[in-house]
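This report concerns only the one structure given below.
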2 protein chains.
Amino acid sequence: MNSLDPTKPRMRTLAPVDVTTIQERVYQSLRLGLLKGEFLPGEQVTIRGLADVLGTSPMPVREAVARLIAERAIEQSGPRTLRVAPYLATEHENYIRIRMQLEGYAAERAARAPRNPALIGELRRHNDAMSEAVEAGDFEAALAGNQAFHFELYGAAGYPQLLDIISTLWLRTGPIVASARRDQALFERLFRIGVRIHGDAIDAVAQRDGAAARWAVNLDIRSSHLAIRKFYKTSVEAPAR
Amino acid sequence: MNSLDPTKPRMRTLAPVDVTTIQERVYQSLRLGLLKGEFLPGEQVTIRGLADVLGTSPMPVREAVARLIAERAIEQSGPRTLRVAPYLATEHENYIRIRMQLEGYAAERAARAPRNPALIGELRRHNDAMSEAVEAGDFEAALAGNQAFHFELYGAAGYPQLLDIISTLWLRTGPIVASARRDQALFERLFRIGVRIHGDAIDAVAQRDGAAARWAVNLDIRSSHLAIRKFYKTSVEAPAR
DNA sequence: ATATAAGATATGTGATCTCATATCCGTTAA
DNA sequence: TTAACGGATATGAGATCACATATCTTATAT
């Protein structure tokens, strides 16, 4: 019997394989693309087109898109047309008010939640990363840092369901925020303000001051909203509904 | 030329035909069924089974179910199993807190919105219908009246997007609330309390007192939650996750 | 009698095909 | 030159088929 003896126990090097469905991977990919600003608000998409880009058949894309339609991140603009949710001033303003309610509440709960020793450090780390990215002019990284900061904070509230709803709202407003970064000067200013407000939020959490945490997050949301509104007012006109 | 002359103008009796997709009708049907309590929390469903009941093929059902999964009304409990969202005490409690934030906010805004002369009358009408249904022991009608009252109120806030999110939350908690009506005595008591609280809410709106409206709605949500928790604690145990 | 294994059934996932129709483009007639 | 008609193309919706596998049933062996 040599070393190839099949009855002899030996080390296996096979690793478990990714068993997630194609549909799920398509969904996650589209979701990430929306949050990273790879789609413009109002941009038309087609199921077959996405399937080609993603290297799969239309079938999994259809169902991933159906989920995104349910989350209002993609909408049917006509009988046979799909598009990324467009920027509409009043609609976006409504979402901002809803976000202030929910994210403000999440921040308040996070500040009042049982102390997690690592939380403050993590928040600072995300905010520092965002700050450095802004100064380096890397707006994609700044966007990612901003997102990481917010979700670290909201996650500390200990409400998976709340986090889930907030994620959906970010998915709707993501392409709008991300595409607005094309105005570099405006967004540099915006992100610098954001970094400072995040600092206030961190202080509020450190002092377990729920009201102050809520206030800081609401200020952050509102100030970013104002910048985005200015961007869209002065540059792009929203596509017709 | 007789009366069948095709050149002679004549009255047409053809009415427009329903052009909505099967998928959309399946979705609306499932949605209504969930809100009316035709599904039990944790109940298993199959795509082919639903397709048979609805008299269609699995295809439109698949995509309608995908949307409901995105809304967390249906979930995948295993590799090849779908079920209606089950009752889980802490998860449900989290949803209750989120609903208090959002529905409280909606009520506050509704009370402070520009006066709609018909609103108070509509609210009273829904609440009276609910009250009569409770006394008649018609819990399905009472449930419908309760829903109509809440959405009439929240709709008056003038935030379609907020209404949409609240609808999604009701879709998740709908089967839980609806199935709990099986304990008649408990729910008779609950609905009677609800009718009274609704009266307080109507008064708050009539006086344009946003804080009072928020308070009334939050009390309504919380009291119904307590009744449901009691029901599930004393009767049914939630299916294992 | 019980436990294990083999076979049958059920079910979600994905691919492929068909269909209706919206959209685009070129041709033709006024 | 312009507008209207018609054909080609693109696209979402739906049906059908194929596949892998989880679950249930049944038979057999201990």
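Letters A, B, ... mirror the listed sequences (proteins, then strands); counts begin at 1.
- Val65(B) comes within 4.0 angstrom of no nucleic acid atom, judged by non-hydrogen atoms across all strands.
- Applying the 6.0 Å contact sphere to CZ of Arg97(B) captures more than 12 heavy atoms from other residues, nucleotides or ligands.
- Among the protein residues, Gln23(A) comes within range of the sugar-phosphate backbone only, with heavy atoms under 4.0 Å from sugar or phosphate atoms but none that close to a base.
- In this entry the distance linking CD1 of Ile47(B) with P of dC17(D) reads 18 Å, nearest Å.
- Between the side chains of Glu188(A) and Gln184(A), not a single donor N or O lies within less than 3.5 Å of an accepting N or O.
- Asp220(A) and His150(A) are linked by a side-chain donor-acceptor pair at a separation below 3.5 angstrom, with hydrogens and angles left out of the test.
- For Glu38(B), there are no side chain to side chain donor-acceptor pair (under 3.5 Å) partners, not counting sequence neighbours.
- Nucleic acid contact class of Val45(A) (heavy atoms, under 4.0 Å, all strands): sugar-phosphate only.
- In the model, Tyr154(B) has no side-chain atom that pairs as donor or acceptor with a side-chain atom of Tyr159(B) under 3.5 Å.
- Checking dT16(C), dT13(C), dT11(D) against the side-chain heavy atoms of Arg62(B) singles out dT13(C) as nearest.
- The closest donor-acceptor contact from the side chain of Glu43(B) to the backbone of Leu40(B) lies under 3.5 Å.
- For Gln76(B), taking side-chain heavy atoms from C-beta onward, the closest of the listed nucleotides dT16(D), dG14(C), dT13(C) is dT13(C).
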Pairs under 3.5 angstrom, nitrogen or oxygen only, protein versus nucleotides 18-22 of chain D, please.
from    : atom 1 : to       : atom 2 : distance (Å)
dT21(D) : O4'    : Arg80(B) : NH2    : 3.3

